[in-house]
Amino acid sequence: MATPLSHTSPSSLRTVAVVGLGTMGTGITEVLTRGGHEVVGIDISEATAAKAVTALETSTARAVVRGRLTEQERADVLARFSVSTDLRDAADVDLVIEVAPESYEIKHQIFRALDEIVRPETILATGTNALSVTRLAADSARPERVLGLHFFNPAPAMKLVEVVSSVLTAPQAVAAVTDLAVGLGKEPVAVGDRPGFVADGLLFGYLNQAAAMYEAKYASREDIDAAMRLGCGLPMGPLALLDLIGIDTARTVLEAMYAESNDRLHAPAPVLKQLSEAGLTGRKSGRGFYSYEAPGSATVVADALTPLAGAAETPGRAVRSVGVAGSGTMASGIAEVFAKAGYEVVLAARSEEKAQVAKARIGKSLARSVDKGRLTAEAAAQTLDRITAAGSYDAFADVDLAVEAVAEDLEIKQQLFATLDKVCKPGAVLATTTSSLPVVACARATSRPEDVIGMHFFNPAPAMKLVEVVRTVLTADDVHSTVREVCVRIKKHAVDCGDRAGFIVNALLFPYLNNAIKMVQEHYASLDDIDAAMKLGGGYPMGPFELLDVVGLDVSLAIEQVLHREFRDPGLAPAPLLEHLVAAGCLGRKTGRGFREYARR
């Protein structure tokens, strides 16, 4: 007979057993003991249990040195922790947190054993991020007391805790562990039971696509990782993160997600299986996508795939003057970047007036840099003097590099490239800043497609360090070298990729954003919880809905549509909710309403 939960309260969860003392279990014990809880750590291995004690001694000693704990507080923390190899030592605890390997068989054995050991009112929590909490609960004699409590690694540092309910979980149990998490200084997010929950559900699809992108030899591992760090502000690139998580662990999570969703985006990339089965599981084995100094080391060492510094390239063409076509924010930002680097710049638009407005925008940007102490007034004046505003593209007659930054419309870009073909001198490099359109289609609008390349800057161009350099099958080697050399001079990090929709960043970013929209559409989690989960659990500078509203829902939808047309994957079809908001004119911050409402300025 089920036991009522009326007496369960936050204060009743004073004693906790943590079953499984690997990295995550050890981190959770530190959080709990430092939060004032009595903890028994249980592991089948005496050596692992002893290692957990040593780890807590080391981390608390470090905290004393840093002034975060006193010696007495450290002694109290250590006194609250004991270890065991016998599950029966969990008999009198208020809460059990299981953090055993991601195997139904192992977890099932633990839960069935605990059913016979713990008190009727004890709450049983699983730390799984890939397996069904409902299935574990259904196998238990007390399904109403089983839930998920998913901490993130490293547990002492990461604020997010996902509290996972099954259809069987009693609300009082959820309330009790939620209050416990708050008391530990964590930010709990309530989610339902599906593989990956919120944070990993979104994160692992993105990681999987990055692995597939690398496997297809579309871009190097270094360029994929640099693109996502610099283009999205992420703390780590996806392939380095897979190595940190463990490639075998990632494959397990993705298998569980795919079993439920049948979404090809979750079908593990074959390279994950190949690496796992070869024992190349990432940092823990000393080799995964990258090679490491030793198993467990974070220090990357050169291997056969590491690009050779100063490798001989075809010499580039001389670039002294640059033409920038367009009058919007991106065009003026790019012109500012080139002028700051010492290039003579012609900023041309469809009218003299539009060009002067764009130049004035650059003047205001430079003035802000002067006010913030990033630039001297003299340097700002010299930069602005290098920019000539023109009302006709005929002013590009003598430039060595022409960069278009006009509307993201293929017909408009093709017309512009046909014009540049006529006005630019032979040998001038012609570059497009398109983020989603085929570069080769712009190239074919000219009589010199070998001179055309993609040079995708990110907004705001003066601040963002990344440039995606996009070669078509027709781009000449010296044109590619020219743009790489120019990127060095303008102090941008260039990454190479081929001419396909989304290039690196958008091809990985927008399916992730689309999946976040689907979560809301399916009423799985709220906007606020998803944004919080990705910022706190994934280290993202902005949550997906904050980012969508900044980018613009119309722009986001257009990119989703391009990706869907290019790759023909049903999982990339834009979420209907996004289409409905765009149709309603709710485009994000620029209209005052997108996924959220904004105050009108």
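Side-chain atoms are counted along with the backbone in the values below, which use heavy atoms only and exclude waters and symmetry mates.
Between the side chain of Arg221 and the backbone N or O of Phe289, at least one donor-acceptor pair lies under 3.5 Å. Within the 3.5 Å criterion, the main-chain N or O of Glu404 finds no donor-acceptor partner in the side chain of Lys413. With hydrogens and angles disregarded, a donor-acceptor distance shorter than 3.5 Å links the side chain of Asp400 to the backbone of Ser321. Using a distance-only test at 3.5 Å, with no hydrogens or angles considered, no donor-acceptor pair links the side chain of Glu468 to the main chain of Phe503. Distance alone, capped at 3.5 Å, is enough to place a donor-acceptor pair between the Lys492 side chain and the Met464 backbone. No side-chain donor-acceptor contact under 3.5 Å links Lys359 to the backbone of Thr388.
Annotation: side chain of Glu485 is not in contact with side chain of Val319 (no heavy-atom distance under 4.5 Å). In this structure, the side chains of Tyr598 and Asp549 come closer than 4.5 Å at one or more pairs of heavy atoms. Counting only heavy atoms from C-beta outward, the side chains of Lys590 and Asp554 approach each other to under 4.5 Å. Side chains of Met455 and Thr432 form no contact here, defined as non-hydrogen atoms less than 4.5 Å apart. Using a 4.5 Å heavy-atom threshold, the side chains of Cys232 and Leu509 count as touching. Using a 4.5 Å heavy-atom threshold, the side chains of Ile224 and Tyr218 count as separate. The shortest distance between side-chain heavy atoms of Val253 and Ile245 does not fall below 4.5 Å. Taking 4.5 Å as the limit, some side-chain heavy atom of Val495 sits within range of a side-chain heavy atom of Leu466.
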Exercise. Given the rule in the side chain to side chain contact (heavy atoms under 4.5 Å, CB included) test, do Asp496 and Ser220 qualify, once you have shown the distances and angles that lead to the verdict?
Worked result: CA-CA 8 Å; Asp496 285 323; Ser220 71; over 6 Å; no

Problem set entry | Chi angles and distances behind the side chain to side chain contact (heavy atoms under 4.5 Å, CB included) call for Leu149, Val163 | CA-CA 5 Å; Leu149 197 56; Val163 179; 4.0 Å; yes

Problem set entry | Steps toward side chain to side chain contact (heavy atoms under 4.5 Å, CB included) verdict (Val161, His150) | CA-CA 6 Å; Val161 174; His150 180 215; 6.0 Å; no

Problem set entry | Steps toward side chain to side chain contact (heavy atoms under 4.5 Å, CB included) verdict (Asp451, Thr446) | CA-CA 9 Å; Asp451 290 342; Thr446 74; over 6 Å; no

For this session: Start with the C-alpha gap between Thr249 and Thr252, add the side-chain angles, then the distance that decides, and say whether side-chain hydrogen bond (donor to acceptor under 3.5 Å, both in side chains) holds.
Result: CA-CA 5 Å; Thr249 301; Thr252 300; over 6 Å; no

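Arg489 CZ: more than 12 foreign heavy atoms inside a 6.0 Å radius. Arg350 CZ: 12 or fewer foreign heavy atoms inside a 6.0 Å radius. Crowding of Arg484 atom CZ: a count of heavy atoms from other residues, nucleotides or ligands under 6.0 Å exceeding 12. The number of heavy-atom neighbours closer than 6.0 Å to CD of Glu353, taken from other residues, nucleotides and ligands shown, is 12 or below.
The distance from the NZ atom of Lys364 to the CG atom of Leu384 is 12.5 Å, given to the nearest 0.5 Å. The distance from atom OG1 of Thr419 to atom CD of Gln414, rounded to the nearest 0.5 Å, is 12.0 Å. The CG atom of Leu184 sits 6.0 Å away from the CZ atom of Phe151 when rounded to the nearest 0.5 Å. Rounding to the nearest 0.5 Å places CG of Leu578 at 4.5 Å from CD1 of Ile517. Here the CG-NE2 distance, from Asn208 to His266, works out to 8.0 Å after rounding to the nearest 0.5 Å. Here the straight-line distance linking atom CD1 of Ile504 with atom CG of Asp223 works out to 5.5 Å at 0.5 Å rounding.
By the side-chain contact (heavy atoms from CB on, under 4.5 Å) test, Ala190 is found to be paired with no residue, residues two or more places apart in sequence or in another chain being considered. Shown here are the side-chain contact (heavy atoms from CB on, under 4.5 Å) partners of Arg229, two or more places apart in sequence or in another chain: Asp225, Ala226.
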Under 3.5 Å, which donor-acceptor pairs do the side chains of residues 528-545 form with other protein atoms, sequence neighbours left out?
unit_1: Asp528; atom_1: OD1; unit_2: Arg596; atom_2: NE; d: 3.4
unit_1: Asp528; atom_1: OD1; unit_2: Arg596; atom_2: NH2; d: 2.8
unit_1: Asp531; atom_1: OD1; unit_2: Phe545; atom_2: N; d: 2.9
unit_1: Asp531; atom_1: OD2; unit_2: Glu546; atom_2: N; d: 3.4
unit_1: Asp531; atom_1: OD2; unit_2: Arg596; atom_2: NH1; d: 2.9
unit_1: Asp531; atom_1: OD2; unit_2: Arg596; atom_2: NH2; d: 2.9
unit_1: Lys535; atom_1: NZ; unit_2: Glu546; atom_2: OE1; d: 3.1

With a 3.5 Å cut-off and sequence neighbours excluded, list the donor-acceptor pairs that the side chains of residues 558-576 form with protein atoms.
unit_1: Glu566; atom_1: OE2; unit_2: Ala501; atom_2: N; d: 3.1
unit_1: Arg568; atom_1: NE; unit_2: Arg565; atom_2: O; d: 2.7
unit_1: Asp569; atom_1: OD1; unit_2: Gly571; atom_2: N; d: 2.8

For residues 336-346, which side-chain N or O atoms pair as donor and acceptor with protein atoms under 3.5 Å away, sequence neighbours left out?
unit_1: Glu336; atom_1: OE1; unit_2: Ser365; atom_2: OG; d: 2.8
unit_1: Glu336; atom_1: OE2; unit_2: Lys340; atom_2: NZ; d: 3.0
unit_1: Glu336; atom_1: OE2; unit_2: Ser365; atom_2: OG; d: 3.2

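Of all the heavy atoms in Glu408 and Thr434, the pair that sits closest is OE2-OG1, 2.8 Å. Summarising the geometry of Ala325 relative to Tyr393, their closest heavy-atom pair is CB-CE2, 3.6 Å, with the distance given to 0.1 Å. Closest heavy-atom contact between Gln209 and Ala507: NE2-O, 4.0 Å. Nearest heavy atoms, Leu430 versus Cys424: CD2-SG, 3.9 Å. Across all non-hydrogen atoms, the minimal contact from Val439 to Asp499 is N-OD1, 2.9 Å. For Leu202 against Ala516, the heavy-atom pair with the smallest separation is CD2-N, 3.5 Å.
Among pairs with a residue in residues 186-202, those fulfilling side chain to side chain donor-acceptor pair (under 3.5 Å) read Asn129-Asp200, Ser132-Asp193, Thr134-Asp193, Arg194-Glu522, at least two apart in sequence or across chains.
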